[in-house]
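A short write-up of the structure that comes next.
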Amino acid sequence: MQSIPHYVGGQSVHATGVSPVYNPATGEVTAQVPVPDIAFIDEVVTRAREAARSWGVSTLSVRTNILFTFRQLLVEHADELAQLITNEHGKTLADAHGELARGLENVEYACGLTEHLKGGFSSQVADGVDVYSLREPVGVVAAITPFNFPAMVPLWMSANALATGNVVILKPSERDPSTAVRLGELLTEAGLPDGVFNVLHGDASTVNALLEHDGIDAISFVGSTPVARHVYQTGIAHGKRVQALGGAKNHMVVLPDADLDIAADAAVNAGYGAAGERCMAISVVVTVGDIADPLIEKITERIDRLTVGPGSDPSSDFGPVITKEHRDRIINYVQTAPADGITVVRDGTSLVDNPGFFVGPCLLDGVHPGAKSYDDEIFGPVLGIARVDTYAEAVTLINANPYGNGTAIFTRDGNAARLFSREVTVGMIGINVPIPVPVSSYSFGGWKNSLFGHAHIYGPEGFGFYTRAKVITSRWPQPSESQIDLGFPKTR
Ligand code: NAD
């Protein structure tokens with residue numbers, strides 16, 4: 001059985017694999033991934049700190065050139081990377097290409113590092129005194145990533161952390177760890193010095209060791225809310241800078257004036273794409289007024305045309321979910337929904353006889369707070385309909401939800417859309433856009449239980465998170481200006 005190597009110091013480091021990696025479309029174990037002991041983790045961190053000394057003072061042009069070459073290599077190897085993602089994650093090849101394209105955007109943003117790292121300069125703030133600011137790398141960054149975007153989320157973090165002069169230790173999800181290793185190899189091929197980007201596999205024990213390790217300066221985490229909260233609290237308690245992005249329950253409001261065909265398309269695309277395993281997936285459609293029945297009819301027409309199958313089959317609209325346990329959990333939400341007064345309009349749970357981890361599209365009508373299928377992040381192809389009478393009730397529902405990652409409104413009323421964008425307590429908002437993932441020149445982040453720590457990820461806030469500011473106040477006095485003055489420095 002193939003064991004997936006760590007990637008440390010610019011080389012594959014083989015170790016015995018213990019945690020199984022599946023092909024979710026067949027249910028077969030395809031590889032094992034190692035879980036390192038503390039001695040190996042120590043060694044990786046020590047070597048990362050050594051690499052940080054020279055990378056942290058590398059010139060901006062060296063870093064830019066490497067990132068440009070890396071970008072080109074990602075383009076050239078896109079088919080191979082997409083195949084790796086599909087094999088271990090299960091998403092369709094088209095969707096894997098989509099995540100690569102969004103990851104690539106972040107490399108392109110990072111290529112502009114000379115612009116993004118510019119400091120400020122103020123001349124003559126006091127007589128003969130100038131002030132300037134600069135940003136220095138934080139040091140060694142642990143990047144801890146979830147299973148659902150094995151390329152994009154590592155690229156969100158790594159591109160910006162490397163551009164700002166940091167060394168990265170990436171701990172990818174143990175469910176689909178191969179893409180991370182290939183990214184490491186491509187970075188080495190692009191000219192990145194050995195040891196500046198490392199892949200350390202493992203599970204919760206590896207994460208916990210990194211959170212407590214003195215040699216780690218900053219933690220970028222993306223994953224589920226309970227783990228994000230734990231990562232944030234533990235990392236902060238150990239004196240680290242932490243950004244921890246968590247789970248989501250994203251609502252899409254449809255106002256009575258909306259084009260129902262466009263709204264139905266959006267709900268199906270954003271609800272069932274990638275089998276609902278996206279943190280920006282729409283999981284609740286909030287219908288305002290009396291449009292629920294006609295909208296459900298349009299959604300079911302579309303659902304009934306969807307094909308569920310292996311991600312490598314071009315006719316599949318979406319593939320399997322990540323594990324058998326996750327599939328069973330999703331099925332349980334659907335089967336227990338009627339006990340909460342919810343109607344199962346479409347039940348896709350009958351694919352269980354397949355050895356792959358498939359769940360077909362499910363549609364629940366009448367989801368509401370207090371019902372498990374509404375309160376929990378299901379992270380599967382399950383869309384809920386919540387019926388409300390007024391716009392105000394829709395906003396109240398969203399703002400009462402403990403998550404605040406993304407939300408969307410569908411309407412032809414610009415004023416209502418603008419009001420909505422101001423009133424909801426959510427970090428990313430779409431107006432007639434169901435999955436409002438910001439482009440790489442903005443930053444990505446939710447509110448409430450969807451983000452612990454203040455810094456959103458990538459873009460300008462990413463550059464801020466991975467750097468420490470210095471402000472230098474300078475004066476070049478003439479010898480004749482010598483004087484003793486014990487007063488506090490003044491500018492006037
Ligand atoms: P997860 O929280 O189970 O795992 C994420 C990472 O944490 C993995 O590397 C895993 O090895 C590690 N981990 C797991 N349990 C741990 C523990 N108890 N202690 C320490 N480390 C632990 O998440 P997942 O199932 O891989 O990913 C899906 C989740 O990620 C969903 O909740 C989804 O909404 C969320 N997500 C959020 C965003 C975002 O930007 N907010 C993006 C993608 C995914």
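All of these numbers come straight from a predicted model, not from anything done at the bench. Atoms within a ligand are numbered from 1 in the order they appear, just like the ligands themselves.
- Under the side chain to side chain contact (heavy atoms under 4.5 Å, CB included) test applied with P154, the options I144, L170, V222 reduce to a single match, L170.
- T188 OG1 to L73 CG: the interatomic distance, rounded to the nearest 0.5 Å, is 10.5 Å.
- Inclusion of V227 in the set of residues having an N or O under 3.5 Å from an N or O of ligand 1 is not warranted.
- In H230, the part holding a heavy atom less than 4.0 Å from any atom of ligand 1 is the side chain.
- Remark: atom 26 (O) of ligand 1 lies closer than 4.0 Å to at least one protein heavy atom.
- Between K91 and E277 there is no salt bridge, since none of the side-chain N atoms of the basic residue sits less than 4.0 Å from a carboxylate O of the acidic one.
- Taking a cut-off of under 4.0 Å to the non-hydrogen atoms of C279, the atoms of ligand 1 that pass are 34 (O), 36 (N), 37 (C), 38 (C), 39 (C), 40 (O), 42 (C), 43 (C), 44 (C).
- Look at D95 and R278 and you find a salt bridge, because one of the NZ, NE, NH1 or NH2 atoms lies within 4.0 Å of a carboxylate O, short of that distance.
- Close approach to F444 involves these atoms of ligand 1, each under 4.0 Å from a residue heavy atom: 39 (C), 40 (O).
- Heavy atoms of W156 found under 4.0 angstrom from ligand 1 belong exclusively to the side chain.
- With a heavy-atom cut-off of 4.0 Å, N148 touches ligand 1 through its side chain alone.
- Regarding atom 10 (C) of ligand 1, its nearest protein heavy-atom neighbour is E174 OE1, 3.6 Å.
- Y7 and N198 share no donor-acceptor pair across their side chains, judged by distance under 3.5 Å alone.
- Of the protein's heavy atoms, F379 CE2, 3.6 Å lies nearest to atom 28 (C) of ligand 1.
- Summary of contacts: the protein heavy atom closest to atom 24 (P) of ligand 1 is F147 CD2, 3.6 Å.
- Ligand 1 places these atoms under 4.0 Å from at least one heavy atom of V222: 5 (C), 36 (N), 37 (C), 38 (C), 39 (C), 40 (O), 42 (C), 43 (C), 44 (C).
- The residue from G406, P150, S224, A204 that puts a heavy atom closest to atom 18 (N) of ligand 1 is A204.
- Contact check on R102 versus E105 returns a salt bridge, with a Lys/Arg side-chain nitrogen under 4.0 Å from an Asp/Glu carboxylate oxygen.
- Polar contact check, K171 against ligand 1: a nitrogen or oxygen pair lies under 3.5 Å apart.
- Interface atoms of ligand 1 facing V207, defined by a heavy-atom separation under 4.0 Å, are 12 (C), 20 (C), 21 (N).
- Within the 4.0 Å heavy-atom shell around ligand 1 one does not find V153.
- With atom 35 (C) of ligand 1 as the reference point, the heavy atom nearest to it among A248, G223, P226 is part of G223.
- Protein heavy atom in closest approach to atom 7 (O) of ligand 1: F221 CE1, 3.4 Å.
- Of all the atoms in ligand 1, the ones that sit under 4.0 Å from a non-hydrogen atom of T145 are 5 (C), 6 (C), 8 (C), 9 (O).
- Using a 4.0 Å cut-off to heavy atoms of N405, the atoms of ligand 1 that qualify are 41 (N).
- Electrostatic pairing of E88 and R175 does not count as a salt bridge here, judged by no charged N lying under 4.0 Å from a carboxylate O.
- The proximity of E377 to ligand 1, defined as any non-hydrogen pair under 4.0 Å, is limited to the side chain.
- Salt bridge status for D365 with R387: present, with a side-chain N to carboxylate O gap under 4.0 Å.
- In terms of polar-atom proximity, defined here as any N/O pair under 3.5 Å, S450 makes no such contact with ligand 1.
- At a threshold of 4.0 Å, the pair D217-R49 counts as salt-bridged, since one of the basic side-chain nitrogens sits closer than that to a carboxylate oxygen.
- By the 4.0 Å heavy-atom criterion, G246 is counted among the residues contacting ligand 1.
- Of all the heavy atoms of R278, none lies under 4.0 Å from any atom of ligand 1, so neither backbone nor side chain is involved.
- Under a 3.5 Å cut-off, the side chain of N399 and the backbone N or O of T425 do form a donor-acceptor pair.
- One distance of note links OH of Y22 with CZ of F357; it measures 6.0 Å at 0.5 Å rounding.
- Ion pairing between a basic and an acidic side chain is recognised when a charged N comes within 4.0 Å of a carboxylate O; K372 and D340 show no such pairing.
- For the pair R47 and E43, the salt-bridge criterion is met [side-chain N within less than 4.0 Å of a carboxylate O].
- Using cut-offs of 30° and 60° on the angle between ring planes, the pair F318 and Y272 is parallel.
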